[in-house]
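Presented below is the structure to which this report refers.
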Amino acid sequence: MLGEIIQVYFARQEYFHELLLEHLQLSAIAIVLALVIGLLLGILIAEQDKFSLPVLGTINFIYTIPSIALFGILLPVTGLGNTTAIIALTVYALLPIVRNTYAGLTNINPVILEAGVGMGSTRWQLLWKIKLPLALPVIMAGVRNMVVMVIATCGIASFIGAGGLGVAIFRGITTYQLPLTYLGSLMIAAVALLCDILLGIVEKRITLRVNGNIPERSKKANRINHK
């Protein structure tokens with residue numbers, strides 16, 4: 001079977017490269033939209049806690065809907081094609097970003113925040129210069145999970161007429177060509193794994209940088225508390 005998969009790939013390289021490019025484009029658009037919307041929602045509910053329960057509750061409910069069902073729900077509204085896929089992927093990807101942004105911003109050491117207030121920082125300065133940098137490792141963990149999930153889920157988009165590597169999987173299933181199905185699945189898994197590794201490296205560097213800055217912030221906080 002491995003030999004057949006390799007043979008199919010080299011025989012139809014251009015076809016698979018085109019599908020890979022479509023897959024990356026769809027995933028990238030959904031990831032960027034989810035990042036923007038998710039970060040804004042996460043910051044909003046962290047700063048205005050009264051909105052946290054309804055926002056998180058709604059997103060949690062959406063997340064319980066199977067991805068293929070979410071594609072189907074959107075079909076009567078947005079029709080077949082890439083638009084429906086992007087909307088569904090974006091909505092489905094919100095939970096990790098919103099939840100991790102909220103958790104990161106609301107679990108910062110209060111002493112550090114008191115130090116910032118004592119140094120005369122405004123609410124926005126606290127958010128942009130203290131809260132977000134300290135919450136970044138937690139946010140990056142959510143981004144990492146979200147990116148992998150979007151790339152994997154994008155494979156289902158072919159069932160509603162969208163492009164991407166899911167097209168190879170779908171054609172392989174409908175025409176009983178297992179090498180097509182296996183190759184499409186393996187390529188999706190490889191892209192997701194590569195992105196996870198790269199984002200893991202970025203996450204580790206951010207965590208090390210933030211942890212290196214915490215002692216300095218703590219010293220400032222202790223000096224202010226002793227005054």
Side-chain angles (χ1 to χ4, degrees), residues 12 15-46 48 50-102 139 142-178 180-192 195-196:
R12 307 180 67 178
Y15 171 71
F16 281 104
H17 291 169
E18 182 181 343
L19 292 182
L20 175 60
L21 182 60
E22 290 180 355
H23 199 98
L24 292 175
Q25 288 175 340
L26 285 173
S27 300
I29 294 171
I31 288 167
V32 171
L33 289 174
L35 273 174
V36 173
I37 298 171
L39 285 172
L40 290 176
L41 281 176
I43 292 171
L44 172 65
I45 62 177
Q48 303 290 333
K50 61 183 179 181
F51 296 118
S52 62
L53 187 59
V55 171
L56 288 174
T58 302
I59 295 176
N60 277 324
F61 171 73
I62 294 173
Y63 199 70
T64 61
I65 302 174
S67 54
I68 190 66
L70 186 58
F71 286 124
I73 291 171
L74 290 173
L75 275 180
V77 181
T78 54
L80 293 169
N82 292 341
T83 300
T84 300
I86 290 170
I87 294 173
L89 290 170
T90 301
V91 171
Y92 207 62
L94 285 177
L95 180 61
I97 300 298
V98 175
R99 184 169 55 191
N100 281 45
T101 302
Y102 175 75
I139 296 173
V143 172
R144 186 177 173 184
N145 292 332
M146 180 267 289
V147 168
V148 173
M149 184 198 67
V150 168
I151 292 172
T153 309
C154 188
I156 308 174
S158 61
F159 288 87
I160 57 166
L165 289 167
V167 173
I169 297 174
F170 182 70
R171 288 184 181 177
I173 292 173
T174 54
T175 59
Y176 300 101
Q177 298 182 51
L178 289 181
L180 272 178
T181 301
Y182 289 151
L183 185 54
S185 302
L186 288 172
M187 290 181 71
I188 291 175
V191 172
C195 289
D196 184 54

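The chain is numbered in sequence order, starting from 1. All figures in this text were calculated on a predicted structure; none of them were measured in a lab. For the numbers below, each heavy atom of this structure counts, side chains included, while hydrogens, waters and symmetry mates do not.
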*Would a 4.5 Å heavy-atom cut-off, applied to side chains only, mark Ile31 and Leu35 as touching?*
yes

*Using a 4.5 Å cut-off on heavy atoms from C-beta on, say whether the side chain of Leu40 contacts that of Leu44.*
no

[X] versus [Y], closest heavy-atom pair with distance:
X      : Y      : answer
Gly142 : Asn100 : N-ND2, 3.0 Å
Val150 : Ala30  : CG1-CB, 4.2 Å
Cys195 : Val147 : CB-CG1, 4.0 Å

Please tabulate, one pair per line, all N/O donor-acceptor pairs under 3.5 Å involving side-chain atoms of residues 89-99, not counting sequence neighbours.
unit_1: Thr90; atom_1: OG1; unit_2: Ile86; atom_2: O; d: 2.7

*Could you note down all residue pairs passing side-chain hydrogen bond (donor to acceptor under 3.5 Å, both in side chains) where residues 33-44 supplies at least one of them, sequence neighbours left out?*
none

Atom [atom1] in [X], atom [atom2] in [Y]: separation rounded to 0.5 Å?
X      : Y      : atom1 : atom2 : value
Met187 : His17  : CE    : NE2   : 6.0 Å
Ser185 : Leu180 : OG    : CG    : 10.5 Å
Ile188 : Ile156 : CD1   : CD1   : 9.0 Å
Ile59  : Ile45  : CD1   : CD1   : 6.5 Å
Ile87  : Ile29  : CD1   : CD1   : 11.5 Å

_Suppose we screen for side chain to side chain donor-acceptor pair (under 3.5 Å). Which residues come up paired with Arg171, at least two apart in sequence or across chains?_
Tyr15

_Tell me every residue that passes side chain to side chain donor-acceptor pair (under 3.5 Å) with Asp196, counting only those two or more places apart in sequence or in another chain._
Arg144

*Set of ring-ring contact (aromatic ring centres under 6.0 Å, His included) partners for Phe159, sequence neighbours left out*: Phe170

Output side-chain donor-acceptor pairs under 3.5 Å for residues 63-82, partner residues at least two apart or in another chain, one line each.
unit_1: Thr64; atom_1: OG1; unit_2: Phe61; atom_2: O; d: 2.5
unit_1: Thr78; atom_1: OG1; unit_2: Leu74; atom_2: O; d: 3.0
unit_1: Thr78; atom_1: OG1; unit_2: Thr84; atom_2: OG1; d: 2.5
unit_1: Asn82; atom_1: OD1; unit_2: Gly163; atom_2: N; d: 3.1

In a table with atom names and distances, give each donor-acceptor pair under 3.5 Å that connects a side chain of residues 19-27 to protein atoms at least two apart or in another chain.
unit_1: Glu22; atom_1: OE1; unit_2: Gly164; atom_2: N; d: 3.1
unit_1: His23; atom_1: ND1; unit_2: Leu165; atom_2: N; d: 3.1
unit_1: His23; atom_1: NE2; unit_2: Ile151; atom_2: O; d: 2.8
unit_1: Ser27; atom_1: OG; unit_2: His23; atom_2: O; d: 2.9

